[in-house]
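Below is one structure, written out as structure tokens; comments come after it.
We name chains A, B, ... by the order of the sequence lines, and we start the count at 1 in each one.
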Amino acid sequence: MKEELVDLLSQALQSLADAESLSLPDRIDIQLERGRGSGHGDYASNLAMRLAPVLRQNPRELATRLVAHLPVHAHIDQVEVAGPGFINFFLTQDAANAVIARIHREGREFGRSHYGRGQRVIVEFVSANPTGPLHVGHGRGAAFGAALADVLEATGHAVHREYYINDAGRQMHILAVSVLIRYLEHRGETMAFPANGYRGDYIHGIARDLEAEAGERYRITAADLAAGLPADAHAGGDKEAYIDALIERARALLGESRYEEILEAAVTAITGDIAEDLAAFGVRYDRWFSERALVRTGAVEQALEQLQAAGALYDAEGARWFRSTDYGDDKDRVVRRADGQTTYFASDIAYHLNKFERGFEQAIDVFGADHHGYMARVRASLEAFGHATDRLTFRLVQFAILYRGSERLPMSTRAGEFVTLRALREEVGNDAARFFYVMRRPEQHLDFDLELAKSQSNDNPVYYIQYAHARVCSVRRQMRERGIEHDHDNGLASVSRLDADHEQALIQSLGRYPEALESAAGNHEPHQLAAYLRDLAGAFHTYYNAHTFLVDDPDLRDARLTLIEAVRQVVRNGLDLLGVSAPDRM
RNA sequence: GCGCCCGUAGCUCAGCUGGAUAGAGCGUCGGCCUCCGAAGCCGAAGGUCGCAGGUUCGAAUCCUGCCGGGCGCACCA
């Protein structure tokens, strides 16, 4: 409908220009927006106001003459010039009602579009380091990324969901020795735990599994392991130096292959745990992309060579640097350390290059807000490769702060007292968690109140929407109990009976769904969909309270039942994209 | 110090990429179940859109500068 109106306006404009021999600007962007209720029509255009200064004319008069040149259209009931020069379109009731039939015809497909024109887009999200279970902060990235991917897919993008596993580098070694020490403890050795180690309970679990599988295979004595190490932090030393020495010592004592086994076991266990957690949260991926694999295949070296060839690298202070300041970064970045190791950033460069080499036209990175410093440097590297930087979009997801009522819950990873995503899901359920995570703009800090998410009360927005769905189902059950038949075809034929204000408002709301979805996708803002669903549910509940559906008049009754079934369908379609269930009863 | 994000009702937030009287929920106050689920509905009170400039027909929205808050600024990942 929107497109048709744009078309009509441009015809009118042409016709007016011909009649008055006006010289129009080359490009005219005709904008149409939804009238926001109160008497401004279904659609409004500001065309006359935008054109008035260019043509040196009064906007209202211009609008009036434009309207006079508008072709007649069956779906337009009335056109009005209002305010400073808006052209307001009022659609006929038939045109508005047509959406009901369309919803029933398209069912689960209703709202889906080709807006994205099949564009290949890769969405990378969560990508938490495999050093421990996901915590509540990651949960937001998961829910947001999943909803964004689904929304993009629904609007005609070819979406690929990917998790980048940072399974290379120093932190993996810290993980390995953390597991090793717990393992040795279980075997009766005693040794102070490194200040810089991972002390979460899950480390014990991995150590125990390792023990069950391999028995004494990794047994070394604590005394051997501790021999010649510098002082750790609690002994007044440097925790970084200590743990690095510990890693070297462990590798030497165990030998490279046994050491690698421990590391492998630890990474596999944690990655598996993360994957299981996400799957249970309804978050699925097309691929888990390993950083180590990237290093192993030489992709990192290749990327560096390409940068070298482009003259973007230089050596200084014993290390090799990427001249990212040439591309807008604050400072240049090390890609190869003085010890010869490539950095995490070097892998990241190769990884992003790889995304485009795989043929994705758009890459979207969903990052935690604490990673915002990366945007400039990653973008810089792509620019150095000659890729258009607008092909890479970052979405920063702010932290979720947990509350229990008014009490703020502390969260810290290293200390091991963090709240896991799993614990959150168990406490409030997947539906509430998924919805709460995406109901706010991602840039907005999220206050996540556990009590509120759990409460089955009217201040919980998840239930409000789900309840709309359940209520329709309930009406259906009631109908059967009373032995009433719903003649769906008659309902469709009788939609003109839906002339009450509440019904028209509800129909209008239903008609907005495809646009809401498109806007959520286009702006990468799934929360718009959440907000839309709340509005739709609100319009439905209002209608429910104002009118009885199961009336004696069969035409009216069928029409109303057909209408609320359409509501049920749209609520369900929308919730589905957000990963929230649409229960038949609650 | 530099960079990114955020300041909208008492609280938590929308505001659709500049439009016509700034909207929800919670909370407060007052109403609605012999009627399809009250997990609901109706009404009232509550705002200088952080502050100051600028851009233009028009600014919560765009630009600049301040003020306040969060988060980053490693040859860690």
Side-chain angles (χ1 to χ4, degrees), chain A residues 31 33-36 38-40 44 46 49-50 52-53 58-59 82-86 88 129 131 166-172 174 240 291 317-321 329-331 333-339 341 343-345 347-348 368-376 394 396 398-399 401 406 439-447 449 452 455-464 466-468 470-479 481-482 484 512 515-516 518-520 522-523 525 527-528 530-532 534-535 538 540-551 561 564 585-586:
Chain A
Q31 298 177 354
E33 57 185 48
R34 278 282 183 180
R36 346 184 162 179
S38 58
H40 293 140
N46 59 3
M49 279 136 73
R50 294 176 64 89
N58 175 295
F86 286 103
N88 293 338
N129 293 340
T131 53
N166 291 130
D167 52 4
R170 198 170 90 117
Q171 63 181 348
M172 291 297 99
I174 296 176
E240 306 289 350
E291 180 188 1
E317 299 161 56
R320 181 153 294 173
W321 301 69
D329 196 5
D330 290 352
K331 51 178 93 166
R333 308 290 172 178
V334 171
V335 289
R336 189 188 301 284
R337 290 187 263 152
D339 65 6
Q341 289 282 310
T343 60
Y344 162 84
F345 174 51
S347 298
D348 232 25
D370 53 339
H371 277 61
H372 67 251
Y374 283 57
M375 298 191 298
F394 295 97
L396 291 181
Q398 293 287 343
F399 299 117
I401 302 161
S406 57
M439 70 181 178
R440 304 292 184 216
R441 270 167 64 223
E443 295 85 6
Q444 194 68 247
H445 286 267
L446 179 71
D447 287 340
D449 184 347
L452 177 62
S455 72
Q456 304 206 341
S457 72
N458 50 358
D459 40 348
N460 189 333
V462 193
Y463 288 103
Y464 186 81
Q466 289 182 319
Y467 182 41
R471 245 183 171 177
V472 176
C473 295
S474 178
V475 171
R476 203 194 292 173
R477 284 192 293 272
Q478 183 64 222
M479 185 185 81
E481 272 176 36
R482 294 196 206 166
I484 299 171
R512 274 180 25 233
E515 290 164 33
E518 191 176 301
S519 178
N523 295 306
E525 292 185 340
H527 79 274
Q528 288 188 23
Y532 166 81
R534 225 231 157 254
D535 285 349
F540 170 75
H541 289 309
T542 297
Y543 177 43
Y544 182 98
N545 274 69
H547 295 275
T548 307
F549 308 144
L550 300 174
V551 293
L561 290 172
I564 65 171
R585 63 174 82 221
M586 303 167 64

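- To the nearest angstrom, P of B:C13 lies 11 Å from CD of A:Q398.
- The closest side-chain heavy-atom distance from A:Y467 to A:H541 is below 4.5 Å.
- Computed from coordinates, the A:R336 CZ to B:A74 C1' distance equals 18 Å when rounded to whole Å.
- When each of A:A531 and A:H372 is assigned the nucleotide of RNA chain B bearing its nearest heavy atom, the one mapping closer to the 5' terminus is A:H372.
- Rounding to whole angstrom units, NE2 of residue A:H541 and P of B:G25 are separated by 12 Å.
- Across B:G37, B:A20, B:C71, the shortest atom-to-atom separation from the side chain of A:A82 is found for B:A20.
- Distance, A:Y467 OH to B:A38 C1': 7 Å, rounded to whole Å.
- Residue A:E317 is classed as a base contact, given a heavy-atom separation below 4.0 Å to a base.
- Pair check for B:G23 finds B:C13; Watson-Crick or G-U wobble, both atom distances under 3.5 Å.
- Pairing for B:U64 is with B:A52, a Watson-Crick or G-U wobble pair whose two hydrogen-bonding atom distances lie under 3.5 Å.
- Closest to the A:Y463 side chain, of the nucleotides B:A39, B:G19, B:A74, is B:A39.
- Distance CD (A:Q528) to C1' (B:C16): 5 Å, rounded to an integer number of Å.
- By the 5.5 angstrom centroid cut-off and the 30-degree plane limit, A:F86 is classified as stacked against the base of B:A20.
- Distance from the side chain of A:R477 is smallest to B:G37 among B:C36, B:G37, B:A74.
- For the C1' atom pair drawn from B:C71 and B:C16, the interatomic distance equals 28 Å after rounding to whole Å.
- Regarding contacts with the backbone of B:A38, a side-chain N or O of A:R471 is found under 4.0 angstrom from either OP1 or OP2.
- Remark: P of B:G15 and OH of A:Y532 are 17 Å apart, rounded to the nearest angstrom.
- Taking the six-membered ring where the residue is Trp, A:Y543 and A:F549 present tilted rings, their angle falling between 30° and 60°.
- Under the Watson-Crick or G-U wobble criterion, with both distances below 3.5 Å, B:A44 is paired with B:U28.
- The side-chain contact (heavy atoms from CB on, under 4.5 Å) search around A:R585 returns A:R477, not counting sequence neighbours.
- Residue contacts shown for A:A470 include a base, since a base heavy atom lies under 4.0 Å away.
- Heavy-atom nearest nucleotides on RNA chain B were determined for A:R333 and for A:F345, and the one closer to the 5' end corresponds to A:R333.
- Judged by distance alone, with hydrogens and angles left aside, A:D370 brings no side-chain donor or acceptor close enough to the base of B:G72 to form a pair under 3.5 Å.
- In this entry the distance linking CZ of A:R440 with P of B:C11 reads 14 Å, nearest Å.
- Atom pair A:Q444:CD and B:G69:P shows a separation of 17 Å (rounding to whole Å applied).
- Residue A:Y544 places no side-chain N or O under 4.0 Å from the OP1 or OP2 atom of B:C35.
- If you take atom C1' in B:U28 and the same atom in B:A9, they sit 13 Å apart, rounded to whole Å.
- Pair assignment for B:C73: B:G1, on the basis of Watson-Crick or G-U wobble contacts that are both within less than 3.5 Å.
- In this model, the phosphate group of B:A74 is not approached by any side-chain N or O of A:T343 to a distance below 4.0 Å at OP1 or OP2.
- For A:N88 against B:A20, a side-chain-to-base donor-acceptor contact under 3.5 Å is present.
- Using a 4.0 Å heavy-atom cutoff across all strands shown, A:D447 reaches sugar-phosphate atoms only and no base atom.
- The side chain of A:S519 places no N or O atom within less than 4.0 Å of a non-bridging phosphate oxygen (OP1 or OP2) of B:C16.
- The phosphate of B:A14 (OP1 or OP2) has a side-chain N or O of A:R441 nearer than 4.0 angstrom.
- Of the side-chain N and O atoms in A:H527, one or more sit less than 4.0 angstrom from OP1 or OP2 of B:G15.
- One finds no side-chain N or O of A:Q466 lying less than 4.0 angstrom from the OP1 or OP2 phosphate oxygen of B:A39.
- Checking B:U34 for Watson-Crick or G-U wobble geometry (two distances, each under 3.5 Å) identifies no partner in any strand.
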